[in-house]
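Here's the structure, in structure tokens; my notes come after.
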Amino acid sequence: MRLRAPRSFAPLALLLAVHATGLTAAFPALAQPPRAAAAQQDLVERGRSLFEDQQYEESIQTLSGALVRPNNTKAQKLAIYRLLALNYITLGRKDESESAVRGLLSLQPDYALPASESPRFRDFFAAAKQKWEAEGRPGLVTETAVATPVTMVHTSPAQAERKKQLDLTATLTDPQHVVASVKVFYRHGSSGDFESADATVAGDDVRVTIPADAVRPTIMEYYLQGFDAAGLPLVSRGDAEAPLRIPVPEPVAAWVLPVAIGGGVLVAVLGVVGGVLLFGKSSGSTPTKSGTSPSPNTTNVTVNIGN
């Protein structure tokens, strides 16, 4: 038996529908689909696992991609900034370390590493926090603060030509001019480490080249990322876990074979087109009433060998 809601509930339903946008604005986690939230959390956990396995560069790439993805919760951002800071401190990259700590403190000013953490990490966090507070807590996020988003528009080429450099372009929307640099990360195939190259940024236009030796069959992967002055990622197209892909076709093979036909020699160039071998021309002698004369004779041969 189906139960029908009383008519008196209709105004309440309408009220909820009208305020749905307001609720998701007040509580961003409500606007994030459960599946997307789980995928994002998996990305953070992968960055954590890579850090614990001492794969620091790979951890940074994964966490950088996670940081610029939309719909991060506050807890996820705190975890990402913390892990990025630990990676950078371990690698001795002071500027990026300090920037990551400041990003964390801008979300939670009273944040402190637990006592169980390494003294090296706790000392760095404490010094960075003291410096940040002395400068007046720049970048502190307040409830009324509205961040102007930075976006990057880029379209991948349909395919790339083998062993030929690949020129890429993108367009930034950066009203506050916070993007200080853009890089492309690329690799041949679908596994292994990404190499990187710096892009040229002129206003909102981004241009970058992937070198020819990286453009090899049958596929290459890459992503673009924009960074602030301290080296933290702000925007990207693709990331280490979900890179953009471009097919690189194999060259078409061709062979030259001699074939004897009717007493002459056929020099054939074979090109494989859909399982069909196409032969070229041959010349031979054609007998006449007065004898044999060297008149030209052309023979075209097509042999279908299937698949």
Side-chain angles (χ1 to χ4, degrees), residues 21 24-25 28 31-33 35-37 39-40 42-44 46-47 60-73 76-77 80-81 84 96 99-100 103 139 141 145-161 164-190 193-212 214-215 218-249:
T21 303
T24 55
Q32 186 174 7
R35 185 174 299 176
Q40 185 72 346
D42 288 345
L43 208 57
V44 177
R46 173 165 170 74
I60 289 171
Q61 290 179 353
T62 298
L63 294 167
S64 296
L67 184 62
V68 296
R69 288 189 178 185
N71 299 325
N72 276 313
T73 65
Q76 287 170 340
K77 284 186 177 181
I80 293 169
Y81 278 127
L84 279 172
E96 290 100 324
S99 183
V141 176
V146 178
T148 302
V150 179
T151 61
M152 180 188 295
V153 177
H154 165 72
T155 302
S156 298
Q159 66 179 37
E161 186 176 341
K164 183 176 181 181
Q165 74 176 35
L166 183 60
D167 298 320
L168 303 173
T169 61
T171 302
L172 285 171
T173 300
D174 182 17
Q176 297 177 341
H177 306 290
V178 293
V179 176
S181 63
V182 176
K183 290 185 177 183
V184 62
F185 297 83
Y186 59 89
R187 68 185 177 191
H188 164 246
S190 300
D193 297 334
F194 285 92
E195 298 182 69
S196 66
D198 293 323
T200 300
V201 182
D204 293 335
D205 296 327
V206 178
R207 296 182 181 277
V208 68
T209 298
I210 296 177
V215 186
T218 57
I219 198 169
M220 65 167 301
E221 295 185 335
Y222 73 101
Y223 62 95
L224 297 163
Q225 220 163 50
F227 302 85
D228 64 13
L232 282 184
L234 295 171
V235 64
S236 73
R237 280 288 287 119
D239 56 54
E241 296 300 313
L244 306 175
R245 291 183 171 184
I246 302 177
V248 183

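Remember, it's a predicted structure, so these values are computed and weren't measured experimentally. Heads up: numbering here begins at 1 and tracks the sequence.
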| query | Can you find a pair of side-chain heavy atoms, one from I80 and one from N72, that are under 4.5 Å apart? | reply | yes

| query | Would a 4.5 Å heavy-atom cut-off, applied to side chains only, mark M152 and V150 as touching? | reply | no

| side chain to side chain contact (heavy atoms under 4.5 Å, CB included) assessment of V206 paired with L224 | CA-CA 10 Å; V206 178; L224 297 163; 5.5 Å; no

| Nearest heavy atoms of L166 and P157, plus distance in Å | CD1-CG, 4.1 Å

Under 3.5 Å, side-chain donor or acceptor atoms of residues 237-246 against the rest of the protein: list the pairs with distances, not counting sequence neighbours.
unit_1, atom_1, unit_2, atom_2, d
R237, NE, H154, O, 3.3
R237, NH2, H154, O, 3.0
D239, OD1, R69, NH2, 3.1
D239, OD1, E241, N, 2.9
D239, OD1, A242, N, 2.7
D239, OD2, R69, NE, 2.8
D239, OD2, R69, NH2, 2.8
E241, OE1, R46, NE, 3.2
E241, OE2, R46, NE, 2.8
E241, OE2, T62, OG1, 3.2
R245, NE, E221, OE2, 2.6
R245, NH2, E221, OE2, 2.9

| field | Non-hydrogen side-chain atoms of S64 and L84 separated by less than 4.5 Å | value | yes

| field | Side chain proximity check, T151 to L172, heavy atoms < 4.5 angstrom | value | no

| request: Check step by step if side chain to side chain contact (heavy atoms under 4.5 Å, CB included) holds for V208 and T200. | output: CA-CA 6 Å; V208 68; T200 300; over 6 Å; no

| Between CG of D193 and OH of Y186, what distance do you get to the nearest 0.5 Å? | 12.5 Å

| Could you state the interatomic distance from CG (L232) to CG (L63), rounded to the nearest 0.5 Å? | 11.0 Å

| query | Would you call the rings of Y223 and F185 parallel, tilted or perpendicular if under 30° counts as parallel and over 60° as perpendicular? | reply | parallel

| said: Could you measure the distance from the OG atom of S236 to the CZ atom of F227? Nearest 0.5 Å is fine. | reply: 9.0 Å

| 4.5 Å side-chain heavy-atom contact, Y81 and L67 | yes

| said: If you define the side chain from C-beta out and look only at heavy atoms, does anything of V215 sit under 4.5 Å from M220? | reply: yes

| remark: Distance col, row Q76:CD vs L43:CG, nearest 0.5 angstrom, shows 9.5 Å

| At their closest point, which heavy atom of I219 faces which heavy atom of S190, and how far apart are they? | CG2-OG, 4.1 Å

| request: Under the side chain to side chain contact (heavy atoms under 4.5 Å, CB included) rule, what do S181 and V201 come out as? Steps first, then yes or no, please. | output: CA-CA 7 Å; S181 63; V201 182; over 6 Å; no

| request: Kindly state each residue pair satisfying salt bridge (charged side-chain N to carboxylate O under 4.0 Å, His left out) with at least one member in residues 197-208, sequence neighbours excluded. | output: none

| query | Checking side-chain hydrogen bond (donor to acceptor under 3.5 Å, both in side chains) for the pair Y222/S156: CA distance, chi angles, key distance, verdict? | reply | CA-CA 10 Å; Y222 73 101; S156 298; 2.7 Å; yes

| request: Would you sort out whether D174 and Q176 count as a side-chain hydrogen bond (donor to acceptor under 3.5 Å, both in side chains), showing the intermediate values? | output: CA-CA 6 Å; D174 182 17; Q176 297 177 341; over 6 Å; no

| task | Evaluate side chain to side chain contact (heavy atoms under 4.5 Å, CB included) for D228 paired with V179, printing each intermediate quantity in order. | result | CA-CA 5 Å; D228 64 13; V179 176; over 6 Å; no

| message | Could you tell me if the side chain of Q159 sits less than 4.5 Å from the side chain of P247, heavy atoms only? | response | yes

| message | Using side-chain heavy atoms (C-beta onward) and a distance below 4.5 Å, is F194 in contact with Q61? | response | yes

